[in-house]
Q: 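Structure below; questions to follow.
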Amino acid sequence: MAAVKPMGFSAGLSFSEALDSEAGLARQALYYMQLMREVEERIERKLYRQGKIVGGVYVGRGQEAICVGAGLAAEPDDMLFPCHRDLALYFIRGVHPRQVFAQYMGRVGGLTRGKDGNMHMGDLRLRIVAIISAMAASVPVAAGAAMAQKYKGSRDVTMVFFGDGATSRGDWHEGINLASVQKAPLVLVCNNNHYAYSTPLDKQMACENVADRAPGYGIAAEIVDGNDVFAVHQAARRAVRHAREGRGPYLIECKTFRMTGHSAHDPGDYVPKHLWEEWAQKDPIDRVRRRMIEEGWAVESELDAISAGIRRDVDAAIEWAEASPFPDPSELLEHVYDPAPRSI
Amino acid sequence: MALTTYVEAVRQGIWEEMERDPDVFLIGEDLGVYGGAFKVTLGMLERFGERRVIDTPISESAIVGAAIGASFMGLRPVAEMQFADFISCAFDQIVNFAAKCRYRWNAPAPIVVRAPSGGGIHGGPFHSQNPEAWFCHTPGLKVIAPATAYDAKGLIKSAIRDNDPVIFFEHKALYRRVKEDLPEQEYTVPIGKARVFREGRDLTVVTYGAMVYAAEEAANELAREGISMEIVDLRTLLPIDEETILASVRKTSKAILLHEATLTGGIGGELAARIAEKAFEHLDGPVLRIAAPDCPVPYSPPLEDAFLPNARKVIEKARWLYHY
Ligand SMILES: Cc1ncc(C[n+]2csc(CCOP(=O)(O)OP(=O)(O)O)c2C)c(N)n1
């Protein structure tokens, strides 16, 4: 199993402070949230518009606190099942931004070598399972991973991410119910961003909260401010502890807002303007930055230097990805099957 | 007169049927306020209201199941799958329930399930598939895959009027790429009838959907070499219009079956068997298939280009068969 480095990709940047201190958490969280935003801005507003990315583009702008706060609560051996707005999970596990750019551009340097695009990528060595495009299809799979962790007697847990819309699928309900009766160590992280494509929450479900469904399955749940990375992280720690202790699944509903259209081709005209404006005030990155300065954990110039470092790293990552070749057509039929059986 | 695109043709067909029959209603994801992921249902919410244009949760199985239930009550549901790739989420309701209702207990389930399918749009493994063969293997269903704007409009109207469950594949790459002049007056296109898209003498290509245009491009090129290729556009994949296929093959004595879906288990194999059974003595060469290779649809452009059948691949096989 490859070791996971809990540090930034910038030369010289390392996180010495423990995540137990709020200051230490703030530092790591801010780094990963900013890195995610910078990478996604380049993908959506530059490379996609330049025609260098030809497929679909979905970003998590405004929701970065969720995957970062929860992802930092998982141990390297815990399994992660990201959804399409959880890019930072990959960085936390050590995937380099240049691999992400190459993935989006269909180059061999991407995690799938061009077989798949955008966020549809995974790496079992890093314990990240590739997104299943059909919403919520990941939930029963994550339940199975969690059952296997229990089967093997390990203390690892599985964390699965999904949106509010995904909770309408039967797979979501079946997966949770199975995990619950099996008392599998499954942490469920919902980003409730109020929209599923163009469909607002009240057309998606008639209860107020996704978490309201938890009692029906006999699982623990809590609701947090999804734009507060500290709150998300603390909730995720509680959830992970609960699951590790063998008490079964735990659902965290993170209230947030999708600060973009559904994808790069959707301007999101159906979202009332005042909602964009209200939620812009709650930007999770601004909030951490402000708090760090107010608490005296960092000074502005220091944070600016980190931002500048991220931009430089991202420039270099794009350059690397653009230099990565397209796959040769001869690779088309590779990896459809494994020619060898299992050896024990 | 302005030319009508394929996407507009489907839209017009649905629109006319909704005007004609108050029992026709739409059910699916993002089709009301948003007008559908591909804008097929644009403006319908404004015209027909929320009662008849129902935006649902992300629940494909419930969409199709509810459509079947409503059809028992005399309504005529038109369900949309946002991408044909997600029709598998509703598989059970389609193949185990809708398809078998008439046979088991004499209950018709007149639903239409619309499904935007096909590659060539860099959609990758989950937004490019052609799953028609799954449904062609299911007695009780009808399966339609139009190639032209004219047929798209005429067939969606027939599908809505049909008394059995119909799976209606709309090829995404054709939505805005093909257009034509449509008749002013109302028309329908019969289900179960192929048509000769282009007449030829020397060999027959039987195909459907976007591949009709790959065949056409190939036929133009081959014509310059003096090879005359006939193109049969199936339009309906189930039931199969054997007569039109066999008539063409008997005339040209050589047949190629072309589809964008993958080779093994694709409907080309079924058609080849029928030609072998019923036109063997007319054949002057082996029956050939051209299809995507047996792998998922890849994302990266050079891989997808290698995956998709195209005019070049048709030309190569057609030349070989012509000289056989
Ligand atoms: C089964 C299925 N149906 C439809 C789609 C198309 N689709 C992709 S994302 C999406 C909306 C997802 O909403 P939600 O789960 O709330 O996640 P969000 O995009 O808001 O983060 C839809 C309908 C899909 N991927 N899978």
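Here the structure is a predicted model, which is why all the values come from computation and not from measurement. Chain A is the first sequence line, chain B the second, and so forth, proteins listed ahead of strands; every chain is numbered from 1.
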Q: Does any backbone or side-chain atom of A:Tyr104 lie under 4.5 Å from a heavy atom of chain B? Answer side chain, backbone, both or neither.
A: backbone
Q: Would you say B:Tyr34's side chain and A:Thr199's backbone share a donor-acceptor pair under 3.5 angstrom?
A: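 Here the side-chain-to-backbone pair does not exist.
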Q: When only pairs under 4.5 Å are counted, which of A:Gly106, A:Ser168, A:Ala166, A:Gly110 shares the most heavy-atom pairs with chain B?
A: A:Ser168
Q: With a 4.5 angstrom heavy-atom cut-off, is it the side chain or the backbone of A:Glu334 that approaches chain B, or both, or neither?
A: neither
Q: When you measure from the side chain of A:Glu331 to the backbone N and O of B:Leu303, does any donor-acceptor pair fall under 3.5 Å?
A: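 Flag not set: sc A:Glu331 to bb B:Leu303 has no pair under 3.5 Å.
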Q: Does any backbone or side-chain atom of A:His120 lie under 4.5 Å from a heavy atom of chain B? Answer side chain, backbone, both or neither.
A: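 The side chain, not the backbone.
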Q: Kindly compute the distance separating CD1 (B:Ile58) from CG (A:Asp164), expressed to the nearest 0.5 Å.
A: 8.0 Å
Q: Out of curiosity, B:Tyr299 OH to A:Lys115 NZ, how far, rounded to the nearest 0.5 Å?
A: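 NZ of A:Lys115 is found 15.0 Å from OH of B:Tyr299.
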Q: Checking heavy atoms, do the side chain of A:Leu201, its backbone, both or neither come under 4.5 Å from chain B?
A: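 Nothing of A:Leu201, per the 4.5 Å heavy-atom cut-off to chain B.
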Q: Got B:Glu29 and A:Tyr197 here, is their nearest side-chain heavy-atom distance under 4.5 Å?
A: no
Q: Tell me the closest heavy-atom pair linking A:Ala196 and B:Asp30, and the distance in Å.
A: O-OD1, 3.5 Å
Q: Could you tell me which portion of A:Asp328 (side chain, backbone, both or neither) has an atom closer than 4.5 angstrom to a non-hydrogen atom of chain B?
A: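 Backbone only.
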Q: Is it true that, when you exclude A:Gln50 itself, more than 12 heavy atoms of the residues, nucleotides or ligands shown sit nearer than 6.0 Å to its CD?
A: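 Result for CD/A:Gln50: enclosed.
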Q: For the residue pair B:Asp305 and A:Pro329, establish whether any side-chain heavy-atom pair is separated by less than 4.5 Å.
A: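 They are not in contact (no side-chain heavy atoms under 4.5 Å apart), so the answer is no.
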Q: Within this structure, what is the NE2-SG distance for the pair A:His335 and B:Cys295, rounded to the nearest 0.5 Å?
A: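 One gets 12.0 Å once the value is rounded to the nearest 0.5 Å.
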Q: Specify the closest pair of heavy atoms between B:Gly124 and A:Asp116, including all atoms of both residues, with the distance to one decimal.
A: CA-OD1, 4.5 Å
Q: When rounded to the nearest 0.5 angstrom, what is the spacing between CE in A:Met205 and OG in B:Ser59?
A: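 It comes to 12.5 Å.
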Q: Taking side chain as everything from C-beta outward and backbone as N, CA, C, O, which of these in A:Val336 sits under 4.5 Å from a heavy atom of chain B? Side chain, backbone, both or neither.
A: side chain
Q: I want to check something: taking the side chain as every heavy atom from C-beta on, are A:Ser133 and B:Phe86 in contact at a cut-off of under 4.5 Å?
A: yes
Q: Taking the side chain as C-beta and beyond, is there a heavy-atom pair between A:Arg169 and B:Cys89 under 4.5 Å?
A: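 They are in contact (side-chain heavy atoms under 4.5 Å apart), so the answer is yes.
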